[in-house]
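Atoms considered below: every heavy atom in the structure, side chains included; atoms not considered: hydrogens, waters and symmetry mates.
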Protein chains: 2
Amino acid sequence: MSNMGNQLISNVFKALGHPTRIQIIKLLRKGELCVCDILPNIDSEQSNTSQHLTVLKNQGIVESRKDGSKVIYSIKNKEVYEMIDLVEAIILRQIEETKSSLSK
Amino acid sequence: MSNMGNQLISNVFKALGHPTRIQIIKLLRKGELCVCDILPNIDSEQSNTSQHLTVLKNQGIVESRKDGSKVIYSIKNKEVYEMIDLVEAIILRQIEETKSSLSK
DNA sequence: TCAACATATTAGATATTTCTAATATAATAA
DNA sequence: TTATTATATTAGAAATATCTAATATGTTGA
């Protein structure tokens, strides 16, 4: 019965459509982190990482709060991990398929 | 334990990050369709829709077979519907949040 | 107050996606 | 054959996303 706008839906997927943003989400799986702890674990510049965090925040995937001079980010909607698990299942199946087609 | 490449994962999300492609996926929820039945239900040109179908196929989201002069597309990995449901849950929660913050 | 730190914002260059229009290919029917 | 239908491919323009470098803002401690 759902008739959610496809634009809204695709916006969320698009926010997940970048390797650095997936990397950030995976980092946050264990719990909240300040930007200062995210930065050294991410393969991109400070300003770029900050921009990626903004993209994730705009789509409601992460949220942030201030703690003194630091900003602490955390996952806002945990569904995102189920989504990543589902994508990994799809990819594994694709890989299996490729293997078996090669051995024919 | 999963350590699937973030590039591979984000490629799948990126393929879902377009409203027309979500529209196509939703059309295929009821079952397979030839391109000729997809086209009239999609808000874009024939060649453009064909390109979107290619994007979905490249990421293993849909598959196709030939039937005479027609090409029949179907969903290859049904996980995609669970993913859409999860995104809709996220969006609904965001909307509720917006509402309640407005009424304060 | 001032210096140092933590993070965000901006502007512009570069890269990638998307779209349109035209054309190609393949199957079928006349 | 030839025309028609069904779909894919291509090229290039336009739109959007990404990255880098520079700068701005806010916080804290000396």
Worksheet item: Hey, are B:Glu96 and B:Lys99 close enough for a salt bridge, meaning a charged N less than 4.0 Å from a carboxylate O?
Response: yes
With a 4.0 Å cut-off on heavy atoms, is A:Ser44 in touch with a base, just the backbone sugar-phosphate, or nothing at all? nothing
B:Lys66 atom NZ is separated from D:dA6 atom P, nearest whole Å, by 13 Å
From CD of B:Gln51 across to P of D:dA13 the rounded distance in Å is 16 Å
Classify the side chain of A:Gln46 versus the base of C:dA8 as yes if they form a donor-acceptor pair under 3.5 Å and no if they do not. yes
When rounded to whole Å, the CZ to P distance for the pair B:Arg65 and D:dT7 reads 12 Å
### Charged N-O contact under 4.0 Å between A:Glu88 and A:Arg93
no
A:Asn48 CG to D:dA21 P, in whole Å, measures 11 Å
Between CG of B:Leu39 and C1' of D:dT5 the distance, given in whole Å, is 12 Å
| task | Answer yes or no: does a side-chain N or O of A:Lys14 lie under 4.0 Å from OP1 or OP2 of D:dA17? | result | yes
Between CD of B:Glu45 and P of C:dA22 the distance, given in whole Å, is 11 Å
Report the C-alpha distance between B:Gln94 and A:Lys76 in whole Å, list the side-chain angles of each, state the deciding distance to 0.1 Å, and finish with yes or no for side chain to side chain donor-acceptor pair (under 3.5 Å). CA-CA 10 Å; B:Gln94 292 295 113; A:Lys76 184 172 188 186; 3.3 Å; yes
Atom NE2 of A:His18 and atom P of C:dT16 are separated, to the nearest Å, by 10 Å
### Query
Would you call A:Arg29 and A:Asp85 a salt bridge, using N to O less than 4.0 angstrom?
yes
- Query: Any side-chain N or O of A:Ser69 under 4.0 Å from OP1/OP2 of D:dT27?
  - Reply: no
| query | Can you find a donor-acceptor N/O pair under 3.5 angstrom joining the side chain of B:Ser47 to the base of C:dA21? | reply | yes
To the nearest angstrom, the CG-C1' distance between A:Asp43 and D:dC19 comes to 14 Å
Per atom distances to the B:Arg21 side chain, the nearest of C:dA8, D:dT20, C:dT18 is C:dT18
**Message:** So, OP1 or OP2 of C:dA6: does either fall under 4.0 Å of a side-chain N or O from A:Tyr73?
**Reply:** no
Discussion item. Quick one: does any side-chain atom of A:Thr49 pair with a main-chain N or O of A:Glu45 as donor and acceptor, under 3.5 Å?
Written reply: yes
B:Val71 has its side chain closest, among D:dT20, D:dA8, C:dC19, to D:dA8
